[in-house]
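Okay, so here's the structure we're looking at.
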Amino acid sequence: MPGLLGNAPAPLRFRNATAHDAAVLSRLYVDGWKQLLVEHRQRLIPGGTRPDSHERRWRSDLLNGASRVGAVFALAGDQAVGLCAWRPLADPDGAAELLGFHLQKPHRGRHEGRRLLDAAFTAMRSMGYSTAVLWMWAQAPEVRGYLERHGFRADAERHAIELGQPMHEIRFRRALLDGMQV
């Protein structure tokens, strides 16, 4: 679909996910993980890359407002092409932990990822969160640079997960309220 600038796609729009979106949310979540694993030459996790294995949990969490789970979709027309999803994290300080942040490749490089993060941060603040936390693979320095340009800072937390070979993760934090220190 041509946009306002010749062949460039029209800017994305964003909306909060509901329980009715569980199937689409699950598909995007799994697509994001598959892409990440392929980009870092990791084998796919059996069962973990099937959207139906996640759909019931997303639906239940989004129906239960007390769960404080949320997600924002990036939409190109009526098609969901990205997501930012989170859940509550007890440490540190009731932060929101980002479970997934993914934008399909044709929509990258036009500041749409930043707009998706901004929409998600607004939704998180409205749910009472003051900090966003995410874990990132140490083997992905390009992602680290992106996160740092968008206000995330690494803290002292590190751990390893096994995905065919050890993958080391670094925890990043970002204040959601002006003037807050993380």
Side-chain angles (χ1 to χ4, degrees), residues 11-19 21-22 24-26 28-33 35-36 39-40 54 57-58 60-75 80-105 107-161 167-182:
L12 300 179
R13 61 185 179 83
F14 306 94
R15 75 166 175 82
N16 293 339
T18 69
D21 298 315
V24 175
L25 182 58
S26 298
L28 281 171
Y29 177 76
V30 168
D31 286 353
W33 267 105
Q35 184 175 332
L36 185 65
E39 287 173 359
H40 293 280
H54 300 279
R57 186 189 78 229
W58 283 114
S60 173
D61 286 345
L62 290 168
L63 275 172
N64 176 5
S67 74
R68 296 183 67 216
V69 169
V72 170
F73 283 124
L75 301 162
V81 296
L83 82 137
C84 186
W86 61 90
R87 69 176 174 206
L89 184 65
D91 175 42
D93 306 324
E97 178 184 20
L98 275 66
L99 301 173
F101 173 56
H102 172 66
L103 191 60
Q104 292 175 349
K105 282 188 178 185
H107 302 282
R108 295 180 188 171
R110 300 181 304 120
H111 306 289
E112 297 289 17
R114 174 58 193 213
R115 293 181 59 228
L116 175 57
L117 277 175
D118 287 344
F121 293 158
T122 297
M124 286 180 228
R125 281 190 291 272
S126 75
M127 295 175 83
Y129 292 111
S130 59
T131 305
V133 171
L134 66 82
W135 289 89
M136 187 216 61
W137 289 349
Q139 294 90 331
E142 70 286 353
V143 177
R144 181 181 186 136
Y146 179 87
L147 294 174
E148 289 173 341
R149 284 190 305 276
H150 293 91
F152 284 91
R153 298 292 173 252
D155 66 17
E157 293 297 317
R158 309 282 191 271
H159 70 249
I161 59 173
M167 296 294 287
H168 301 279
E169 291 188 310
I170 302 167
R171 187 171 72 181
F172 283 78
R173 299 172 54 163
R174 182 193 191 278
L176 297 176
L177 303 175
D178 291 336
M180 251 187 88
Q181 298 294 316
V182 289

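In what follows, residues are counted from 1 in the order of the sequence shown.
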Given side chains that start at C-beta, do those of Met124 and Leu98 come closer than 4.5 Å, heavy atoms only?
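Yes, close enough: below the 4.5 Å cut-off.
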Decide yes or no for Glu148 and Arg153: does some side-chain heavy atom of the first lie under 4.5 Å from some side-chain heavy atom of the second?
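Sidechains of Arg153 and Glu148: in contact.
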Could you tell me which residues satisfy side-chain contact (heavy atoms from CB on, under 4.5 Å) with [X], sequence neighbours excluded, listed by chain and number?
X: Ala119; answer: Phe14, Val72
X: Asp61; answer: Arg57, Ser67, Val69
X: Ala85; answer: Trp58, Ala71, Leu83
X: Arg68; answer: Pro88, Met127, Tyr129

Show the nearest heavy-atom pair for residues [X] and [Y], with the distance to one decimal.
X: Ala154; Y: Ile170; result: CB-CG2, 3.8 Å
X: Leu116; Y: Gly82; result: CD2-C, 4.4 Å
X: Gly70; Y: Leu62; result: CA-CD2, 4.1 Å
X: Ala120; Y: Trp86; result: CB-CZ3, 3.8 Å
X: Ala132; Y: Phe152; result: O-CE2, 4.0 Å
X: Asn16; Y: Ala123; result: OD1-CB, 3.7 Å

Which distance, rounded to the nearest 0.5 Å, do you find between the CH2 of Trp135 and the CG of Leu99?
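CG of Leu99 is found 13.5 Å from CH2 of Trp135.
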Roughly how far, to the nearest 0.5 Å, is CZ of Arg174 from NE2 of His150?
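Here the rounded value is 9.0 Å.
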With Glu97 via side chain to side chain donor-acceptor pair (under 3.5 Å) - residues at least two apart:
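Scan of Glu97 (side chain to side chain donor-acceptor pair (under 3.5 Å), adjacent residues dropped) gives Arg87.
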For Thr18, all residues meeting side chain to side chain donor-acceptor pair (under 3.5 Å), sequence neighbours excluded
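Checked Thr18 against side chain to side chain donor-acceptor pair (under 3.5 Å); matches are Asp21.
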Would you please test Gln104 and Leu28 for side-chain contact (heavy atoms from CB on, under 4.5 Å) and show each step?
CA-CA 9 Å; Gln104 292 175 349; Leu28 281 171; 3.8 Å; yes
Going by an N to O cut-off under 4.0 Å, is there a salt bridge joining Glu112 and Arg108?
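Here Glu112 does not pair with Arg108 in a salt bridge, since their nearest N and O are not under 4.0 Å apart.
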Salt bridge (charged side-chain N to carboxylate O under 4.0 Å, His left out) contacts in which one or both residues fall within residues 117-126, not counting sequence neighbours:
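Passing the test, one end in residues 117-126: Arg114-Asp118.
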Taking Arg173 for its side chain and Thr131 for its backbone only, find out whether a donor-acceptor pair lies under 3.5 Å.
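Not confirmed, Arg173 side chain does not pair with Thr131 backbone.
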